[in-house]
**Q** 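Sharing a structure below in structure tokens format, with a few things to ask.
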Amino acid sequence: MKKIVLYALALSLCACKSTDIRNITSSVADIASIGASTTSSSSDGSFSTNSSTPEYSHNQQQYSTASENIYITNSDRTKRNYGVIRSIESEKNPKGMTMVRFLSYQQDSGAPMKSSSYLYAIDSNGWTSQKSVSAHYARTIMINSGQYYLKARSTQGDFYTTGTLTLLPGVTNVVTIDLQ
């Protein structure tokens with residue numbers, strides 16, 4: 001029984017997200033514990049059940065029907081980060097100024113997308129500035145170095161990326177984002 005459960009677990013983990021893996025392992029553990037309950041009979045003809053789990057219960061699903069309105073021109077942080085900030089590469093620039101350029105892709109397909117990005121400076125206390133710096137499409141803009149809260153939206157639909165990033169001084173920071 002253990003070999004079958006282990007084999008099913010190994011097959012199900014291939015190409016899964018971390019939340020999927022957590023749900024799968026929870027389900028397999030629940031199923032294995034149900035199979036571990038035993039029934040024994042006594043000499044007087046009565047049966048007793050020895051069960052490690054008295055009742056089957058499964059973890060709550062991590063899906064939500066609630067939605068969150070995202071306004072990229074508003075400095076409020078979202079309840080969770082959307083999309084992915086994949087990489088921040090630095091390129092030398094002839095001016096020696098701090099600059100940033102965004103390369104946007106659709107998270108599921110990897111197709112390039114045009115987007116508008118708004119950066120809100122984060123101070124040493126963790127507060128987000130009300131004033132934003134905007135970057136549209138893949139244009140390079142001059143900006144101060146430091147930590148920023150990013151809000152980006154695709155111009156081709158409701159795809160977003162939000163999160164924190166740090167820009168290095170004196171170089172062009174090329175930020176690759178996946179819009180969700």
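The first residue of the sequence shown is numbered 1, and numbering continues consecutively from there.
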**Q** Quick check on Asn144: does its CG atom have over 12 non-hydrogen neighbours (other residues, nucleotides or ligands) under 6.0 Å away?
**A** no
**Q** Clusters formed by hydrophobic residues whose side-chain heavy atoms approach within less than 4.5 Å: which one holds Val84, and what are its other members?
**A** none
**Q** Would a 4.5 Å heavy-atom cut-off, applied to side chains only, mark Thr140 and Val100 as touching?
**A** no
**Q** What do you reckon, is CZ of Arg80 surrounded by more than 12 foreign heavy atoms closer than 6.0 Å?
**A** yes
**Q** Can you name the residues that form a salt bridge (Lys or Arg N to Asp or Glu O under 4.0 Å) with Arg77, not counting sequence neighbours?
**A** none
**Q** Do any side-chain atoms of residues 112-119 form donor-acceptor pairs under 3.5 angstrom with protein atoms, and if so which ones, sequence neighbours left out?
**A**
{"from": "Ser115", "atom 1": "OG", "to": "Ser104", "atom 2": "OG", "distance (Å)": "2.5"}
{"from": "Ser116", "atom 1": "OG", "to": "His136", "atom 2": "ND1", "distance (Å)": "3.0"}

**Q** Taking only residues two or more places apart in sequence, or in another chain, which ones meet Asp123 in a salt bridge (Lys or Arg N to Asp or Glu O under 4.0 Å)?
**A** none
**Q** Is the shortest side-chain heavy-atom distance between Glu91 and Arg101 below 4.5 Å?
**A** yes
**Q** What pair of heavy atoms forms the shortest contact from Ile72 to Tyr120, and how long is it?
**A** O-OH, 2.5 Å
**Q** Between Ile141 and Ala135, what is the shortest heavy-atom contact and its length?
**A** CD1-CB, 3.8 Å
**Q** Between Thr172 and Asn93, is there a side-chain donor-acceptor contact under 3.5 Å, judged purely by atom types and distance?
**A** yes
**Q** In a table with atom names and distances, give each donor-acceptor pair under 3.5 Å that connects a side chain of residues 162-169 to protein atoms at least two apart or in another chain.
**A**
{"from": "Thr162", "atom 1": "OG1", "to": "Thr78", "atom 2": "OG1", "distance (Å)": "3.2"}
{"from": "Thr162", "atom 1": "OG1", "to": "Tyr82", "atom 2": "N", "distance (Å)": "2.9"}

**Q** Are Ile70 and Phe159 linked, directly or through intermediate hydrophobic residues, by side-chain heavy-atom contacts shorter than 4.5 Å (ILVMFWY only)?
**A** no
**Q** Report the hydrophobic cluster partners of Val174, with the cluster defined as I, L, V, M, F, W, Y residues connected by side-chain heavy atoms closer than 4.5 angstrom, directly or transitively.
**A** Leu103, Tyr105
